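Below: the structure, in structure tokens.
Throughout, protein chains are lettered first and strands after them, A, B, ... in sequence-line order, and every chain is numbered starting at 1. Source: prediction; values computed, not measured.
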Amino acid sequence: MKEMQTTYNPKLFEDKIYDEWMKKNCFHAEIDPQKVPFTIMMPPPNITGQLHMGHAMDETMQDTIARFKRMQGYSVLWQPGTDHASIATEVKIVDQMKAEGLSKEEVGREGFLERAWAWKDKYAGRIVEQLKKLGSSCDWSRLAFTMDERCSRAVREAFFRLYQKGLIYRGSRIINWCPGCKTALSDAEVEYSEDAGFFWYFRYPVEGSEEYITIATTRPETMLGDTAVAVHPDDARYRHLVGKTLLLPLTDRKIPVVADAYVDPAFGTGAVKITPAHDPNDFEVGLRCNLPVIRVMNDDGTMNELAGEFAGLDRYEARKRIVARMEELGLLVKIEPHSHNVGHCYRCHATVEPIVSKQWFVKMAPLAKPAIDAVVKNKTKFIPDRFAKIYYNWLENIRDWCISRQLWWGHRIPVWYCDDCGETICSRETPTVCPKCGGTHLTQDEDVLDTWFSSALWPFSTLGWPEETPEFKYFYPTDVLVTGYDIIPFWVMRMMFSGIEYTKKVPFRDVLIHGLVRDEQGRKMSKSLGNGIDPLQIIDAYGADSLRLSLLTGVAPGNDTRFTETKVEASRNFINKVWNASRFVLMNVGDEKIPPFGTCKLQPADRWIISHLMQTIREVTLAMQKYDLGIAADKLTDFVWNDFCDWYIELTKASLYGEDREKRQGALSVLLYVLDNILRLLHPFIPFVTEEIYSYLPGKKGLIITAEFPHYNAKLAYRREAAAFDEIIELIKAVRAMKVAVNCPPSRKVHLYLVTESKRLVNANRSSVQRLAGASEIDFLASTSDLNEKTVSGVASIGTVLVPLGELVDIEAERKRLNKELERIEGEIARAGSKLANNNFVMKAPKKLVEDERAKLDKFLDMKTKLHQQIKDLD
RNA sequence: GGGGGCAUAGCUCAGUUGGUUAGAGCGCACGCUUCACAUGCGUGAGGUCACAGGUUCGAGCCCUGUUGUCCCCACCA
């Protein structure tokens, strides 16, 4: 048989194993009517760069679930893909061109798109490679891209349907304009941050009077677009001015004083300049008061020709000059520092300008309602469910979705305008004739769609929708979506209302939400901070399995987690443990023919480990079904390390190195059985190393990836036997502790004397106890006083254990130690006693609990008696 | 202004429907060349579960309030 390397070295096999999985087509999702489908849609990573730690966690969770379900016999589709990330990618390409001294305009739309596709080819491929390094078991034969033919068709279809229903419209509204990217943004794409700014107080003269109205503004440059000043209708200070006309300084325009309840009389001066073209609230006031809309800024953030003498200036330069001019005119009253929330572009971080602009919108109210209902009615469940509140919060307060972007990289809006009659034509296919006038000069809308418009269709566009493909029928709706909470408003919400609208079904049954991966100090990992850690570097140093495990353990669903290399090390150490335990078993098996599990006589220790294995299988399966991956991983590491390695393997050594061939074979048979189960339980978490070790197991034909996940078998639960055996473990621990207490070297063999009623149990495990407790011999005594030697003693559930240690025994120290132990036991007695003395507890608590408490009390009382005896014996 | 998270060992965090003596990893102390593993083994120390009430036979967990801290949304020009 093959020899395993002495230490775990993932570099030697991870790539090799991934190749083998690929070669054997292990990730392919079959449409199999005999099987139940299980579908996960991978959130498509942007093609803008490379995977970060957040992706690594997201993908690991999905892969772990996919592998688990696959092993459970589901037909698993884990659909991979990448996102064109319209704005983000375009920003990158523009930067790249800038470095070459080129601009978008110079290369033109065609030339630009050529570059974009080249970019896509390069980076999408890179991301796929990174996903493979992690061990992702997605179906690569179905790799999708949000701008491939299939997805593009779905986008046109979706747009067309909404347009037909009147849910898509074009209009001039206040939108968020990014002067950096020169495009409109949706509300979700604006990030607010508290910026230090100022309040400038300006005086606007009242026409035909000596009076002024003083207003305060944070954006003086917008005053050139003012079309009114508003006051509260009930504000006595200004009532006489309502309806009067103001002379707007720096312009020759006259603007009215209007009354509107939007104004808060207590804030500022109680008078507000109204700039409908540059402020959402002002826009609303403008509509109510029928005010003109005067836009004074260009798309690039400079002032336009309506700004008079300030035309052509950058908005901030214009601001400075306007303030200076107002001061010259004696109209500047004062400047106050004022910090306020300012919106920034989520991609280029430029300050966003609210601007009136003609854009395409999706009417949200009719779409939001069913999306809310679906979660209320539990058709889709958030895990943890508190995230449903965030989801509701967004949908309940949602405004119409601005979907047009003044970009080139993306899905072009499927709308054409007739050059002859001006007709607007929305069509699935490129039209050639105007249906209204028959004209043939049609021009397509220049804009592209918000990236998220195509992402919203991902769960079904990838399956061939709008066609009723076999894939769509079999794999849709999907089972679980795994994603971070930060993406709920961008994506989850939009997939929900899109899925319901187009397919009449919720796109996924469960939404498993995870938190952010932060750095060691709890900061968000970000490029600007330079604190990001590259998952590939970690994989290079520790292996993909270690990274995966470290990202899943100690993490509660939905909570943020800190990434530390120490944690990866801990995972690596555990995997090394698995490696060496396996090596131990396989070395001992050697070329021997081991009888199959179930044909050998079981020793108490065997039943004990099998019992714990069954318990573990049950708990892990349950946790996995609830997507409690961290809990499942914890239970597994605990079982493997503590129960299997530290106890069971050590316990079997007596049999393995003993004379009795039957016992040796029996032990090996159980060792192999438990190891095989352990590997299969661990495989979803640490797929590479388990596959590698599995290949060394004798008599294995297939791969572990296609093996069955272990099943709980009630017949192998052995609960009573396992509990009894716990007393042996307790005994061994007691002896070890006694030796440490008196500074007896662990290697020094001691003679054990036991006063116990469980002689049979001890005899059955005699050699194991001797080995693990470091005992030369074990003898039974009828009473503790039968031994006339200086001893160290311990009291355990199984009875009293005496160890003659001659000169090592310090009577006083021993007395102290026993008294301390006595104190602890008395504490327990008091606790259990008072509980049982409480009539309400005895009557109302479950019977089992009361019985257990009684048994405990009896046990402690017995131990107390024995301890008293031991202390007395010291004299 | 609205909503939410978190507060448990020195550090980072688990704690599954309320029920054994509240756990893990790391760190710390002492001891170990025990023939799978020092990426290891053994034994320990370390917690008034933020605070104050309440519900309950029983609260780290449920309810109310307080404090601290972080996040999301909205936003007064």
Side-chain angles (χ1 to χ4, degrees), chain A residues 4 6-8 187 192 199 215-219 222 230 262-264 266-275 279 281-282 285 338 340-341 386-387 389-390 392-394 397 485-486 488-489 515-516 520 522 542 546 550 553-556 558-562 564 566-567 569-588 619 622-623 626 628 630-631 634-635 637-638 645-646 649-650 653 657 733 736-741 743-747 771-772 774 824 827-828 831-832 835 838-846 848-850 852-853 855-856 860:
Chain A
M4 285 176 76
T6 49
T7 46
Y8 161 61
D187 293 338
Y192 289 88
F199 250 145
I215 55 92
T217 179
T218 55
R219 295 187 297 156
T222 62
Y262 149 73
V263 181
D264 175 1
F267 188 81
T269 63
V272 187
K273 66 193 263 315
I274 299 298
T275 323
D279 182 279
N281 291 311
D282 293 5
V285 175
H338 175 72
H340 58 147
N341 264 338
R386 66 180 131 94
F387 290 101
K389 286 182 198 162
I390 294 178
Y392 294 142
N393 201 278
W394 266 95
N397 299 301
Y485 59 71
D486 52 331
I488 291 172
L516 267 38
E520 204 144 350
Y542 298 93
S546 300
S550 71
T553 45
V555 182
N559 282 7
D560 290 354
T561 180
R562 294 182 196 210
T564 64
T566 315
K567 229 161 128 184
E569 253 171 59
S571 297
R572 191 267 321 267
N573 293 353
F574 169 70
I575 295 169
N576 183 60
K577 191 75 182 172
V578 173
W579 181 268
N580 273 292
S582 307
R583 200 160 68 88
F584 172 82
V585 174
L586 293 170
M587 273 170 53
N588 279 287
E619 289 174 350
L622 213 72
K626 291 194 287 185
D628 271 332
I631 289 177
D634 277 351
K635 300 253 184 219
T637 47
D638 180 56
C645 295
D646 288 348
I649 283 186
E650 295 306 323
K653 283 179 179 173
Y657 305 142
K733 287 186 142 203
R736 284 172 177 171
M738 282 156 60
K739 285 167 98 174
V740 168
N743 282 321
C744 168
S747 52
R771 197 180 172 88
L772 300 193
R824 189 182 71 87
E828 291 303 328
R831 192 195 49 77
K835 219 168 177 179
N838 183 341
N839 240 335
N840 279 322
F841 172 73
V842 177
M843 279 164 60
K844 291 187 185 171
K848 169 94 171 61
L849 212 68
V850 179
D852 286 354
E853 204 60 47
K856 238 183 303 177
F860 288 130

I'd like to know if the side chain of [X] reaches the main chain of [Y], judged simply by a donor and an acceptor atom lying under 3.5 Å from each other, with no hydrogens or angles considered.
| X | Y | value |
| --- | --- | --- |
| A:Asn397 | A:Asn393 | yes |
| A:Asn588 | A:Phe584 | yes |
| A:Arg736 | A:Leu772 | yes |
| A:Arg572 | A:Tyr542 | no |
| A:Lys739 | A:Pro746 | yes |

(Q) Can you see if the side chain of A:Lys653 gets near the phosphate of B:A36 - specifically, an N or O under 4.0 Å from OP1 or OP2? (A) yes
Q: Compare side-chain N and O positions of A:Tyr392 against OP1 and OP2 of B:G2 and report whether any pair is under 4.0 Å apart.
A: no
Q: Using a strict cut-off of less than 4.0 Å between a Lys/Arg side-chain nitrogen and an Asp/Glu carboxylate oxygen, indicate whether A:Lys635 and A:Glu619 qualify as a salt bridge.
A: yes
Q. Going by an N to O cut-off under 4.0 Å, is there a salt bridge joining A:Lys856 and A:Asp852?
A. no
Q | A:Gly268 or A:Tyr485, whichever maps to the more 5' nucleotide of RNA chain B | A | A:Tyr485
(Q) Quick check on RNA chain B: between A:Val585 and A:Asp279, whose nearest nucleotide comes earlier from the 5' end? (A) A:Val585
From [options], nucleotide with atom closest to [X] side chain:
| X | options | answer |
| --- | --- | --- |
| A:Arg386 | B:A77, B:G4, B:C73 | B:G4 |
| A:Arg771 | B:C32, B:C26, B:C35 | B:C35 |
| A:Val263 | B:A77, B:A36, B:C35 | B:A77 |
| A:Thr566 | B:C37, B:U20, B:C26 | B:C26 |
| A:Tyr262 | B:A77, B:C26, B:A36 | B:A77 |
| A:Asn573 | B:C57, B:A77, B:U39 | B:U39 |

Q: For nucleotides 41-50 of chain B, just jot down a letter per nucleotide in 5' to 3' order: B, S or -, based on protein non-hydrogen atoms under 4.0 Å.
A: SSSS------
Q: Let me have a per-nucleotide readout for nucleotides 10-17 of chain B, 5' to 3', with B, S or -, counting only protein heavy atoms under 4.0 Å.
A: --SSSSB-
Without decimals, in angstroms, what is the distance between [X] [atom1] and [N] [atom2]?
| X | N | atom1 | atom2 | answer |
| --- | --- | --- | --- | --- |
| A:Arg572 | B:C37 | CZ | P | 16 Å |
| A:Phe574 | B:C26 | CZ | P | 13 Å |
| A:Ile649 | B:G40 | CD1 | C1' | 13 Å |
| A:Asp852 | B:C57 | CG | P | 21 Å |
| A:Met843 | B:C57 | CE | P | 10 Å |
| A:Glu853 | B:G58 | CD | C1' | 11 Å |
| A:Phe841 | B:A59 | CZ | P | 12 Å |
| A:Arg583 | B:U39 | CZ | P | 14 Å |

Q) Less than 4.5 Å apart, any side-chain heavy atom of A:Trp394 and any of A:Ile488? A) no
Q.
Could you tell me if the side chain of A:Tyr657 sits less than 4.5 Å from the side chain of A:Arg771, heavy atoms only?
A. yes
Give [X] one of three labels, base, sugar-phosphate or nothing, depending on what nucleic acid heavy atoms sit under 4.0 Å from its own.
| X | answer |
| --- | --- |
| A:Ile390 | nothing |
| A:Trp579 | nothing |
| A:Ala570 | sugar-phosphate |
| A:Glu650 | base |

**Q.** A:Tyr485 and A:Asn559: CA distance, side-chain angles, deciding distance, side chain to side chain donor-acceptor pair (under 3.5 Å) verdict
**A.** CA-CA 9 Å; A:Tyr485 59 71; A:Asn559 282 7; over 6 Å; no
If the [atom1] atom of [N] is compared with that of [M], how far apart are they to the nearest Å?
| N | M | atom1 | value |
| --- | --- | --- | --- |
| B:G18 | B:C49 | C1' | 15 Å |
| B:G4 | B:A9 | P | 26 Å |
| B:C51 | B:U8 | C1' | 15 Å |
| B:U33 | B:G42 | P | 15 Å |
| B:G5 | B:U16 | P | 16 Å |
| B:A52 | B:G15 | P | 25 Å |
| B:A74 | B:A14 | C1' | 35 Å |
| B:C11 | B:C72 | P | 26 Å |

Q.
If you count every heavy atom of other residues, nucleotides or ligands that lies below 6.0 Å from A:Lys733 atom NZ, does the total exceed 12?
A. no
Q) Can A:Thr222 and A:Lys273 be counted as having a side-chain donor-acceptor contact under 3.5 angstrom? A) yes
Q: Would you please classify the geometry between the A:Phe267 ring and the A:His338 ring as parallel, tilted or perpendicular, with 30° and 60° separating the classes?
A: perpendicular
**Q.** Pairwise distance CD(A:Glu569) to CG(A:Asn576) - rounded to 0.5 angstrom
**A.** 12.0 Å
**Q.** For RNA chain B, the dot-bracket pattern of Watson-Crick and G-U pairs whose distances stay under 3.5 Å, | for other-strand partners
**A.** (((((((..((((.....[...)))).(((((.......))))).....(((((..]....))))))))))))....
